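Notes for the one structure printed next.
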Amino acid sequence: MCHVIVTCRSMLWTLLSIVVAFAELIAFMSADWLIGKAKPVSTEDMDNRTGGPQEPYRPTLGIYGRCTRISHMQLSRRDTLCGPYAENFSEIASGFWQATAIFLAVGILILCAVAFVSVFTMCVQSIMKKSIFNVCGLLQGIAGLFLILGLILYPAGWGCQKAISYCGHYASAYKLGDCSLGWAFYTAIGGTILTFICAVFSAQAEIATSSDKVQEEIEEGKNLICLL
């Protein structure tokens with residue numbers, strides 16, 4: 001018989017696991033890892049609301065994508081175009097970024113699998129006499145290691161030609177040049193920290209769902225058990 005067990009700690013762990021997986025996935029897909037040097041403002045770049053020049057546009061560069069502003073030959077307006085600059089894996093700008101993509105992809109795949117499984121831990125708490133929480137916590141720890149490796153290797157690729165075209169000639173490995181870090185990089189770091197927090201917190205979720213109070217309610221014949 002399936003007993004649905006919901007505790008404050010197990011629900012918090014489930015929600016955090018889902019949030020971490022989505023945060024890392026969104027960061028990986030974003031082009032806002034590097035914010036390039038500002039493009040000079042031309043006389044055509046006028047703000048229609050104020051009549052003055054627009055703020056200088058700063059293109060962004062991701063692991064495999066980019067955002068840049070394109071001009072129309074017959075129109076004075078400017079459009080921002082975002083999309084992948086690499087049509088396949090081998091065209092990613094740097095070997096270090098290729099390694100980053102692999103490590104991040106593996107880590108995110110593990111996190112998404114854990115997030116999917118975490119939803120069912122309310123009904124199934126163990127498989128083959130092993131706690132799902134402990135197994136998921138171990139997988140989250142492994143995913144965190146992959147994410148760390150990816151984030152460490154990523155700055156080593158700042159010296160590639162693609163990054164130099166965005167950040168200037170002073171850009172090199174672990175030196176940003178005229179670029180600054182975008183929100184996607186900080187999101188990936190924050191998600192990595194939360195990944196390890198989830199891995200540790202999974203033990204608390206396991207303790208909460210196997211506590212004496214839960215066992216007492218099971219013995220009373222309850223199928224839905226909710227505890228704070």
Side-chain angles (χ1 to χ4, degrees), residues 1-33 60 62-65 100-152 154 181-228:
M1 182 179 294
C2 175
H3 298 281
V4 179
I5 302 174
V6 180
T7 69
C8 182
R9 283 177 284 180
S10 65
M11 183 58 66
L12 180 59
W13 172 78
T14 298
L15 292 176
L16 280 177
S17 298
I18 295 172
V19 168
V20 165
F22 272 103
E24 290 290 347
L25 181 60
I26 292 172
F28 178 72
M29 296 174 63
S30 173
D32 291 329
W33 284 71
T60 60
I63 298 172
Y64 63 90
T100 295
I102 292 174
F103 285 125
L104 291 184
V106 172
I108 291 170
L109 182 63
I110 295 173
L111 290 178
C112 288
V114 171
F116 178 78
V117 171
S118 68
V119 177
F120 298 96
T121 56
M122 292 183 292
C123 188
V124 181
Q125 289 78 42
S126 63
I127 296 179
M128 299 177 64
K129 298 182 179 181
K130 293 187 180 295
S131 169
I132 291 182
F133 295 103
N134 291 339
V135 173
C136 287
L138 177 61
L139 290 175
Q140 286 174 326
I142 294 173
L145 293 177
F146 278 110
L147 296 176
I148 286 178
L149 287 173
L151 292 175
I152 290 175
Y154 172 69
L181 293 173
W183 65 265
F185 182 78
Y186 292 112
T187 299
I189 292 177
T192 302
I193 295 172
L194 284 177
T195 296
F196 286 105
I197 293 176
C198 285
V200 174
F201 199 69
S202 65
Q204 292 297 318
E206 195 277 332
I207 292 172
T209 55
S210 60
S211 64
D212 293 337
K213 289 183 179 180
V214 171
Q215 297 303 318
E216 290 175 1
E217 302 228 4
I218 291 176
E219 292 174 358
E220 291 175 4
K222 295 181 179 180
N223 292 328
L224 177 60
I225 303 169
C226 295
L227 297 174
L228 296 177

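Here, residue 1 is the first one in the sequence, and each next residue gets the next number. No experiment lies behind these values; they were computed from the predicted model shown.
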Practice item. May I have the step-by-step check of side chain to side chain contact (heavy atoms under 4.5 Å, CB included) for L111 and L25, ending in yes or no? Key: CA-CA 9 Å; L111 290 178; L25 181 60; over 6 Å; no

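Scanning all heavy atoms of the two residues, the minimum distance from A199 to G137 falls at CB-O, 3.3 Å. Residues L147 and G107 come closest through the heavy atom pair CD2-CA, 4.3 Å. Across Q140 and W13, no two heavy atoms sit closer than the pair OE1-NE1, 3.3 Å. The two residues A115 and A21 make their nearest non-hydrogen contact at CB-CB, 4.1 Å.
Heavy-atom neighbours of F146 CZ from other residues, nucleotides or ligands within 6.0 Å: at or below the threshold of 12.
With rounding to the nearest 0.5 angstrom, the CD1 atom of I108 is 12.0 Å from the CZ atom of F22. For the atom pair OG1 of T100 and CG of L151, the computed distance is 7.5 Å after rounding to the nearest 0.5 Å. The line from CD1 of I207 to OG of S131 is 10.0 Å long, rounded to the nearest 0.5 Å. Remark: Y186 OH to L181 CG distance equals 4.5 Å, nearest 0.5 Å. The distance from the CG atom of L12 to the CZ atom of F201 is 4.5 Å, given to the nearest 0.5 Å.
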Please output the side-chain donor-acceptor pairs of residues 189-198 that fall under 3.5 Å, not counting sequence neighbours, one pair per line with the distance.
{"unit_1": "T192", "atom_1": "OG1", "unit_2": "E24", "atom_2": "OE2", "d": "3.4"}
{"unit_1": "T192", "atom_1": "OG1", "unit_2": "A188", "atom_2": "O", "d": "2.7"}
{"unit_1": "T195", "atom_1": "OG1", "unit_2": "G191", "atom_2": "O", "d": "2.7"}

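In this structure the side chain of F133 never reaches within 4.5 angstrom of the side chain of R9, judged on heavy atoms. Looking at heavy atoms from C-beta onward, V117 lies out of side-chain contact with L139 at the 4.5 angstrom threshold. S10 places none of its side-chain heavy atoms less than 4.5 Å from the side chain of T121. Considering only heavy atoms from C-beta on, I26 comes within 4.5 Å of W183 through its side chain. The side-chain heavy atoms of V20 and V114, taken from C-beta on, include no pair separated by under 4.5 Å.
A perpendicular orientation is assigned to the rings of W33 and F185, their planes being inclined by more than 60° (bins at 30° and 60°).
Between the side chain of S30 and the main chain of A27, no donor-acceptor pair closer than 3.5 Å is present.
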